Amino acid sequence: MNNGPDLSRHEHPLRLSVPPSPCVVRPARELPPPSSCTHKFLGEMDADAGGSSAITPDAGAETREVTGKNVVVILVGPPGSGKSTFAEAVLAGANTGRPWARVCQDTIGKGKAGTKIQCLKAAADALKEGKSVLIDRCNLDREQRADFLKLGSTVQADVHAVFLDLPTKVCISRSVSRTGHEGNLQGGMAAMVVNRMLKKLETPLLTEGFSRIMFCKDDDDIKQAVDMYCALGPSHSLASGVFGQKSKGPVQSGITKFFKKADTSSVEKSSGTKLTSSERKPGQKNPLSKQENLEAGGTCSMEVEKKLNNMNGNEERSKQIVPADINSSTLAFPSISTADFQFDLERASDIIVDAATEFVQKHDNMRLVLVDLSQKSRILSLVKDKAAKKSIDSSRFFTFVGDITQLHSKGGLQCNAIANAANWRLKPGGGGVNAAIFNAAGEGLQHATKECADTLRPGSSVTVPLPSTSPLRQREGVTHVIHVLGPNMNPMRPDCLKNDYTQGCKILHDAYNSLFENFASIFQSYTGKQNDETSSKKSASRVISPTDSKMKREDSHDSERTKKCKLPPPILTSRQHQERKGTSTLNYHDNTMVPSDAPSQAREEGSKRNGAVTNKSWGSWAQALYEVAMHPEKYKNSNSILEVSDELVVLKDLYPKAKKHVLVISRTDGLDSLADVNKEHLSLLRSMHSVGVKWAQKFVEEDASLIFRLGYHSQSCLSWLLQVPSMRQLHLHVISQDFNSPGLKNKKHWNSFTSVFFLDSLDVMEEIDQHGSAAISSDEKLLAMELRCHRCRSAHPNIPKLKSHISSCKSSFPAHLLKKDKLLSASTFSMDCT
DNA sequence: GTTCTAGAAC
DNA sequence: GTTCTAGAAC
């Protein structure tokens with residue numbers, strides 16, 4: 001609650017905080033009289049906010065002086081909070097002659113990932129030119145802001161913070177649904193990023209060195225702040241202090257709170273139509289439709305939120321007739337791939353109707369329900385029309401408007417199973433149906449899902465029995481969730497089919513077939529053993545892939561593969577097997593590390609089935625580390641293996657990128673990359689780290705000039721889809737920082753060890769300890785970045801020139817590496833010994 | 001992951 | 001003409 005006097009929204013902000021003095025150049029447009037509401041605005045200040053240095057209202061009113069100082073405005077806010085919109089609005093609206101520059105990290109890299117250093121330099125340059133600067137990056141924590149504050153104080157500029165403190169759900173919704181974002185952050189990844197970033201939020205304080213902090217909680221605040229900076233004359237300075245902090249409540253952060261507040265809002269699908277109040281059911285708060293999100297993102301309008309909030313309370317629950325059929329098993333499913341994945345609605349509706357027709361003809365005691373949250377859902381009406389034209393039995397297949405997680409409690413529709421429009425990692429998040437279902441089902445669904453499969457390929461599905469404790473089971477009577485993944489036609493996502501609807505339609509059809517087949521499988525298993533959860537779990541928790549739905553009964557013995565659907569088995573040709581016979585030498589390239597007794601036929605069959613849709617598999621070369629980890633004994637005579645334990649193998653990298661480069665490989669099956677690691681693996685990571693340190697120490701003792709760094713490649717969750725090459729099996733690089741090796745040949749090699757693509761082992765452990773997963777960068781641009789020296793950061797045109805430079809560069813390493821012992825050198829170890 | 005090689009850059 | 005990169009093939 002706002003305890004201060006009401007802020008007059010209609011009066012000009014400059015007048016509110018800056019009473020003009022005779023020598024002030026008045027902005028071109030007419031300003032209201034100066035004195036009327038100064039107190040009002042300053043009365044908004046929270047004297048406690050920002051620590052003890054928050055100034056009193058009167059002091060604030062008196063601080064205005066003609067200084068001619070430049071201003072550094074540090075925008076603070078997560079993606080989607082409107083920082084860029086703010087900065088652009090100031091640039092466009094400034095009308096007093098004060099020159100402004102926007103320093104934007106998203107664009108400063110000119111297509112490549114921008115850095116803080118680039119921003120600092122640009123800001124310094126602009127300040128030198130006499131411009132005031134808007135720092136357009138997230139600046140969420142003190143450390144991120146500190147350098148800009150320092151820069152400001154160095155040039156004696158006023159440093160302000162404008163904190164775009166909007167509701168988390170708004171930022172997530174906007175960043176998820178925007179397109180064409182300068183930093184390429186949008187779609188499902190954006191929700192994750194916003195959520196993660198907000199965990200790091202540290203509210204700006206005057207004690208950091210700001211002369212002024214302004215909180216913008218909504219559209220009006222933003223507009224006021226923009227107007228104020230637009231009207232800030234060259235010789236004006238704004239009052240010091242904290243303004244606009246209206247609530248002392250905890251800062252809302254994270255998607256969890258988002259869902260607690262609006263647990264059904266994110267189920268909204270892209271319907272292509274605007275929502276009206278009548279489309280909402282009681283209790284649904286903040287229903288942000290995709291369409292509205294886009295509008296909100298595009299115009300930075302907070303009106304959306306208000307409008308949506310206003311919808312609550314006077315909505316009427318839509319009356320729907322649910323065909324009663326207590327003898328049928330019911331599957332409720334959302335439209336797959338049409339929202340985030342932008343699949344054409346016409347085509348999608350044809351596919352849904354075709355697949356459903358086929359299904360209901362085959363199974364007369366099961367029914368399918370297409371569900372969408374919006375009554376005006378276009379996909380729903382298309383399907384409805386097409387199903388009617390095909391004369392499908394409407395008691396077996398029908399559409400339903402409602403929240404898929406509350407069909408029984410709110411809609412009176414009892415469903416045995418619900419389908420989830422999952423992501424390929426089968427993890428919560430994303431802000432849509434997926435997030436809503438994981439949220440509604442409770443944590444049990446995550447655990448149950450993990451037992452069934454780790455990942456999902458486009459066109460396939462996996463059935464997960466809900467634990468008896470799941471609220472979704474207890475409240476809604478849903479016994480199974482079937483995760484299904486369709487094709488992606490969204491160019492802003494990394495695995496886009498680029499308008500290839502031939503392939504897209506096939507995958508979508510496969511996805512529905514797989515979903516329906518899995519549903520049928522549950523029912524069949526339940527006819528005999530309705531109360532045997534274990535049994536049903538075993539039979540139901542299978543992944544049905546696009547082409548194996550027809551052969552699922554034939555390969556039911558193949559339990560291991562269906563349990564871990566993530567990895568198509570290595571693709572080995574018969575020639576490779578022949579050539580490989582009897583050999584177990586270490587060689588990534590021709591894959592001779594794969595044991596010669598590999599069950600080749602089964603693998604080939606498996607690869608055909610699994611590779612049918614996307615052909616995205618671990619190439620044979622990528623299996624090498626896995627083979628070493630699983631069967632180190634086969635390579636015991638190789639001098640490449642340095643150490644073997646139950647937990648790990650230490651291997652000399654066969655293509656070292658530095659004088660000393662070894663890999664500490666985990667031997668845990670299924671731990672393919674950092675994306676698979678969670679808190680349970682912390683002790684393994686610690687073991688890997690300490691073994692890595694031990695080897696680094698050994699090498700340093702042999703050659704005291706060596707300096708080591710320990711870390712993991714950012715094998716992101718998207719790498720599989722992006723086909724970014726990587727070696728399967730989690731491995732820690734222990735690499736000397738000379739990078740003096742013929743094995744280091746190209747930009748990708750260099751950047752994979754010297755950009756943020758390389759994640760320090762210490763950071764990874766800390767991240768996992770704190771967040772349960774590593775913050776993996778998914779930006780493929782990282783590996784294509786310009787070549788810069790890892791020590792002095794100088795740029796070089798090509799690898800030979802870079803190599804020449806690094807052979808003699810003696811600059812100190814970047815500060816972030818010098819901290820926390822991320823670099824291991826002779827001094828590190830001698831210190832340890834003393 | 002590497003190797004090979006066409007073609008761009010110098 | 002030589003060097004180097006980047007994409008295809010493995």
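Predicted model, so just to flag it, every value in this text is computed and none were measured. Reminder, nothing fancy here: chain letters follow the sequence lines and each chain counts from 1.
Neither OP1 nor OP2 of B:dG1 sits under 4.0 Å from any side-chain N or O of A:His749. The shortest distance between the side-chain N/O atoms of A:Lys801 and the OP1/OP2 oxygens of B:dA9 is not below 4.0 Å.
With respect to the salt-bridge test (charged N to carboxylate O, under 4.0 angstrom), the residues A:Asp760 and A:Arg709 qualify.
Atom OH in A:Tyr712 sits about 15 Å away from atom P in B:dG1, given to the nearest Å. When rounded to the nearest whole Å, the span between CD of A:Gln623 and P of C:dC10 equals 18 Å. In this structure, A:Leu730 places its CG atom 13 Å from P of B:dG1, rounding to the nearest Å. At whole-Å resolution of the value, CH2 in A:Trp750 and P in B:dG1 are 16 Å apart. A:Lys748 has its NZ atom 12 Å from the C1' atom of C:dA8, to the nearest Å.
Annotation: A:Phe753 is in aromatic contact with A:His661 [ring centroid separation under 6.0 Å]. Between A:Tyr712 and A:Phe758, a ring centre-to-centre spacing not shorter than 6.0 Å is recorded.
With sequence neighbours excluded, the residues forming a side chain to side chain contact (heavy atoms under 4.5 Å, CB included) with A:Asn746 are A:Lys748, A:His749, listed by chain and number. Not counting sequence neighbours, the partners of A:Glu647 by the side chain to side chain contact (heavy atoms under 4.5 Å, CB included) test are A:Ser645, A:Leu684, A:Ser687.
A donor-acceptor contact under 3.5 angstrom links the side chains of A:Gln623 and A:Arg728, judged on distance only.
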Which pairs, protein N/O on one side and nucleotides 5-7 of chain C N/O on the other, fall under 3.5 Å?
from  : atom 1 : to       : atom 2 : distance (Å)
C:dT5 : OP1    : A:Ile799 : N      : 2.9

